[in-house]
2 protein chains.
Amino acid sequence: MAFMIAQRAYIKLYLINKVEQRRGYGYQMLEELKEEFKPFGYVPPQSEIYRALHELVQEGVLYRTKQLKGNDPSVDFQEIVLYHFTDNGAEKAALYKKQVKTDLDRCIGMLHKAVADNFV
Amino acid sequence: MAFMIAQRAYIKLYLINKVEQRRGYGYQMLEELKEEFKPFGYVPPQSEIYRALHELVQEGVLYRTKQLKGNDPSVDFQEIVLYHFTDNGAEKAALYKKQVKTDLDRCIGMLHKAVADNFV
DNA sequence: TAATGAACACGCTGTTCATAC
DNA sequence: GTATGAACAGCGTGTTCATTA
């Protein structure tokens, strides 16, 4: 049993959630997460987002499609990579989330314990 | 800003607390911690305890004394290393604890956020 | 600048090994 | 088994670099 939850697992959880809400692409989700965690002073590194996404693909949870961004072709031909759930991806994601939830609770318990034990 | 609190910092916090209560030695504190964290399935590796102790010495928080364990010399000559606060060790420890507390709170916040954001 | 990806180096950590009693 | 310490290997992570539009 590892000490704390890994950053990778934490990020994967958020990415799965974002794909559940609407299919998205890496850079977009990165920027959203940066914004969400600003109050905590935590800046998720972009390499971690892409690595997490690639792992979720390798694990058969997500698959990729490519798309040109923007409606006006004369303005922007930038290609983006969209992520979607595979056939049984939703199941796999649900199982993964369940595991992460267990670990999250365990970690919260250990941190609360540290506060209770060492700070009166 | 790192993602989560480091195991090293977490253990140091507990070691400082144990030295505050009574001067102790490595193996003893290790066994106590193993017992304390059993419910969480977390087994602190002994190398981490010794590393943390050595760092606290290098940082000028603690100093070491050696002592033979046991009252009856015919039974046990095992040598143990006891740890005590240095002159300004208590101050340094208090400052360190304050910093760790801040980080603990931040981490608890991030874990709670993950539960709130990803589990309805 | 938006967007994706890989490379590279570093540091923490877990296991193992060494030593002594 | 108690007690301390170091070595060693591996993995996660952060920074940097590369590329395209």
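None of these values were measured; they are calculated from a predicted model.
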Report task. Give a yes/no answer on whether the side chain of B:Y25 brings an N or O atom under 4.0 Å of OP1 or OP2 in D:dA3. Result -> yes
Requested in this report: Rounded off to whole Å, could you give me the NZ-to-P distance for the A:K34 and C:dA3 pair?
Outcome: 12 Å
Query - Nearest-angstrom distance from the residue atom NZ of B:K66 to P of D:dT4 - result: 10 Å
**Report entry** Most 5' of B:A6 and A:G26 on DNA chain C, judged by nearest nucleotide
**Finding:** A:G26
Requested in this report: Please state how far atom NZ in B:K12 lies from atom P in C:dT13, giving the value in whole angstrom units.
Outcome: 10 Å
Query raised in the report: Given D:dT15, C:dT4, D:dT13, which nucleotide is nearest the side-chain atoms of A:S47?
Result: D:dT15
Report task. Determine: side-chain N/O of A:Y27 to OP1/OP2 of C:dA2, distance under 4.0 Å, yes or no. Result -> yes
**Report entry** A:E55 bridged to A:K12 by N-O distance under 4.0 Å
**Finding:** yes
Report task. Measure from CE on A:M29 to P on C:dT4 and round the result to the nearest Å. Result -> 8 Å
Query raised in the report: Would you say the side chains of A:T102 and A:R106 form a donor-acceptor pair under 3.5 Å?
Result: no
Query raised in the report: C:dC12, C:dG5, D:dG5: which one has an atom nearest the side-chain heavy atoms of B:R8?
Result: C:dC12
Query - Donor/acceptor link under 3.5 angstrom from B:R51 side chain onto base of C:dG14 - result: yes
Report task. Take atom CD of B:Q7 and atom P of C:dC12, then tell me their distance rounded to the nearest Å. Result -> 12 Å
Query raised in the report: Applying the 4.5 Å side-chain criterion to the ILVMFWY set and letting contacts propagate, would B:L68 and B:Y25 be lumped into a single cluster?
Result: no
Query raised in the report: Considering heavy-atom distances to DNA chain C, does A:I80 or A:F3 have its closest nucleotide positioned more toward the 5' end?
Result: A:I80
Query raised in the report: What nucleotide among C:dT4, D:dG5, C:dT13 has an atom nearest to a side-chain atom of A:Y50?
Result: C:dT4
Query raised in the report: Roughly, in whole Å, what's the span from CG in A:L53 to P in C:dT4?
Result: 8 Å
Report task. Give the cluster check for A:Y63 versus A:V81: same hydrophobic cluster or not, with ILVMFWY residues linked at side-chain heavy-atom distances below 4.5 Å. Result -> no
